[in-house]
Amino acid sequence: MKKFLIVLGLTSGFLISTVSADALKNSLTNILNTKDSSGMVNLNGVSVGAKPKRKAIKHVRKSRPASAVIGRYNDGKPVHKREADKYIAKATKGKIKDLDLLPKKQRLMVLKDLQRMYAIKHFKSRPAKAVVATVNGQEIDKKSADNYLKLVTKGQVTDFDKLDKKQRLVLITELARPILLEEAIDKNVTEVEKEAVLSQFWLQKQRATTKVTNDEMLALYEAKKAKALAVNPQAKIPPYISLGDNLKKEIIEKKIMSNLMKDVNITVNFDTNATEATHDSNESSAKLDKIPDTKETE
């Protein structure tokens with residue numbers, strides 16, 4: 001009778017879900033083991049048509065071995081995971097020691113940091129004589145680029161090879177300007193014009209660097225004043241302040257000419273015609289008087 005009821009219970013037409021399997025099993029076991037059982041299956045704990053409950057499965061990311069290659073340096077040398085793990089442990093003060101525990105974006109950032117540090121550590125600069133650029137056939141060596149870079153950065157950067165591609169192009173463009181300007185001058189400016197420009201430039205430089213004191217300007221003013229009064233005691237002399245710029249310019253010009261003539265060596269070549277030396281001005285005048293007028297003789 002018990003077995004019949006068990007079969008009846010199993011074929012009663014209900015769809016019993018796997019979620020309720022344990023409750024059904026317990027009820028059936030109770031019928032078999034209990035003598036006083038009524039032979040009815042307890043379906044109170046059984047839910048018809050319910051979906052089985054699934055336990056959440058945690059996906060644990062597998063850590064790769066320390067020897068695993070995670071990338072390449074700029075020279076092709078492999079980057080091993082142990083290097084990244086060491087870098088992360090130092091950066092996080094030991095809180096994270098495994099690269100594979102980081103999200104993909106952060107793993108890429110770590111790799112880039114390692115590549116950048118490797119490039120700085122293994123950087124090799126070219127020799128000073130190396131040609132870093134060519135402008136219209138004219139070579140620019142690294143020494144020239146380094147010197148210009150040191151000048152414009154006030155000594156903060158002294159190696160051209162440490163610049164990125166864009167910065168190198170900007171610097172070479174700056175160095176190319178005087179080369180192109182010189183070529184344009186050679187094509188369009190005559191030698192006479194060049195000399196004039198250079199002379200003017202030299203004079204401007206001398207004028208800018210020649211110093212004049214107030215005592216020198218006052219002494220020149222007093223000399224001019226005395227000379228003017230000697231010619232005309234009633235002459236109106238302009239005040240010193242109104243003549244300041246003119247006095248300064250005159251002193252500068254005199255100093256420039258004085259410096260030019262200081263070490264000059266001048267030799268005058270006269271013609272080969274015979275001349276009669278004399279120191280008597282009256283005799284010379286008499287001789288000149290005797291020279292016939294060319295117009296009259298014609």
Side-chain angles (χ1 to χ4, degrees), residues 135-136 138 140-141 143-156 171-289 291 294:
V135 179
N136 288 348
Q138 185 169 338
I140 299 177
D141 58 24
K143 182 178 180 180
S144 300
D146 288 346
N147 290 339
Y148 183 75
L149 180 61
K150 183 179 180 180
L151 177 65
V152 296
T153 62
K154 297 181 179 179
Q156 294 182 1
L171 189 139
I172 293 300
T173 301
E174 291 292 327
L175 289 175
R177 288 182 179 179
I179 297 174
L180 299 175
L181 180 60
E182 184 178 354
E183 291 180 356
I185 292 173
D186 289 339
K187 292 178 181 179
N188 301 285
V189 181
T190 64
E191 291 297 327
V192 175
E193 290 172 334
K194 289 180 185 178
E195 291 295 332
V197 171
L198 290 175
S199 298
Q200 189 63 29
F201 174 77
W202 183 85
L203 284 173
Q204 289 178 354
K205 186 176 180 180
Q206 293 300 314
R207 288 166 182 158
T209 56
T210 301
K211 295 181 180 180
V212 178
T213 65
N214 290 329
D215 292 340
E216 290 174 324
M217 294 170 62
L218 185 60
L220 179 60
Y221 173 78
E222 292 296 338
K224 286 181 173 293
K225 179 180 177 181
K227 185 176 181 179
L229 293 175
V231 175
N232 181 10
Q234 304 301 323
K236 294 182 178 181
I237 309 299
Y240 168 74
I241 296 178
S242 64
L243 298 176
D245 289 340
N246 292 332
L247 293 172
K248 184 177 181 179
K249 289 178 181 178
E250 185 174 340
I251 295 173
I252 288 174
E253 296 299 327
K254 286 182 178 180
K255 285 188 174 183
I256 292 174
M257 292 306 299
S258 177
N259 289 332
L260 285 174
M261 300 298 293
K262 183 166 49 178
D263 298 323
V264 70
N265 183 13
I266 300 176
T267 301
V268 179
N269 297 322
F270 296 99
D271 58 32
T272 57
N273 295 328
T275 57
E276 183 177 351
T278 177
H279 300 285
D280 190 342
S281 59
N282 292 329
E283 182 180 355
S284 299
S285 299
K287 289 181 179 180
L288 289 173
D289 290 340
I291 297 177
T294 55

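Computed from a predicted structure; not experimentally measured.
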How many angstroms lie between atom [atom1] of [X] and atom [atom2] of [Y], to the nearest 0.5 angstrom?
X: Ile179; Y: Ile140; atom1: CD1; atom2: CD1; result: 4.0 Å
X: Leu171; Y: Leu149; atom1: CG; atom2: CG; result: 5.5 Å
X: Leu243; Y: Leu218; atom1: CG; atom2: CG; result: 11.5 Å
X: Ile256; Y: Thr209; atom1: CD1; atom2: OG1; result: 7.5 Å
X: Leu247; Y: Lys249; atom1: CG; atom2: NZ; result: 11.0 Å
X: Lys254; Y: Glu216; atom1: NZ; atom2: CD; result: 11.0 Å

Item to complete: Can you tell me which residue pairs pass the salt bridge (Lys or Arg N to Asp or Glu O under 4.0 Å) test with a partner in residues 199-212, sequence neighbours excluded?
Response: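 Output for this query lists Arg207-Glu253.
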If you count every heavy atom of other residues, nucleotides or ligands that lies below 6.0 Å from [X] atom [atom1], does the total exceed 12?
X: Asn214; atom1: CG; answer: no
X: Glu182; atom1: CD; answer: no
X: Lys248; atom1: NZ; answer: no
X: Ile241; atom1: CD1; answer: no

Worksheet item: Which residues satisfy the side chain to side chain donor-acceptor pair (under 3.5 Å) test with Lys225, sequence neighbours excluded?
Response: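 Side chain to side chain donor-acceptor pair (under 3.5 Å) list for Lys225, sorted by chain: empty.
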Worksheet entry | side chain to side chain donor-acceptor pair (under 3.5 Å) partners for Lys224, two or more places apart |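 Applying side chain to side chain donor-acceptor pair (under 3.5 Å) to Lys224 gives Glu250.
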Practice prompt. Side-chain contact test, heavy atoms from C-beta onward, threshold under 4.5 Å: evaluate it for Leu220 versus Met217 and give yes or no.
Written response: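 No. Closest side-chain heavy atoms not under 4.5 Å.
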Fill in: Sequence-distant partners of Ser199, side chain to side chain contact (heavy atoms under 4.5 Å, CB included), two or more places apart
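With sequence neighbours excluded, Ser199 shows a side chain to side chain contact (heavy atoms under 4.5 Å, CB included) to no residue whatsoever.
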Worksheet item: Closest heavy-atom contact between Ala235 and Leu229?
Response: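 Distance-wise, the nearest heavy atoms are O-CD2, 4.0 Å.
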Worksheet entry | Shortest non-hydrogen contact between Ser242 and Pro239, atoms and distance |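 Closest heavy-atom pair between Ser242 and Pro239: OG-O, 2.7 Å.
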Worksheet item: Would you say the side-chain atoms of Ser144 and Asn147 include a donor-acceptor pair closer than 3.5 Å?
Response: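 On atom types as modelled, these side chains do not qualify, holding no pair under 3.5 Å.
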Report, one line per pair, each donor and acceptor closer than 3.5 Å where one atom sits in a side chain of residues 184-193; sequence neighbours left out.
residue	atom	partner	partner atom	Å
Asp186	OD1	Lys194	NZ	3.0
Asn188	ND2	Ala184	O	2.7
Thr190	OG1	Glu193	N	3.2
Thr190	OG1	Glu193	OE1	3.3
Glu191	OE2	Lys194	NZ	3.4
Glu193	OE1	Thr190	N	3.0

Discussion item. Taking ring-ring contact (aromatic ring centres under 6.0 Å, His included) as the cut-off, I'd like each qualifying pair that reaches into residues 203-262, sequence neighbours left out, listed once.
Written reply: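 Listed by first then second residue: Tyr221-Tyr240.
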Item to complete: List the steps and the verdict of side-chain contact (heavy atoms from CB on, under 4.5 Å) for Lys262 and Asn259.
Response: CA-CA 5 Å; Lys262 183 166 49 178; Asn259 289 332; 4.0 Å; yes
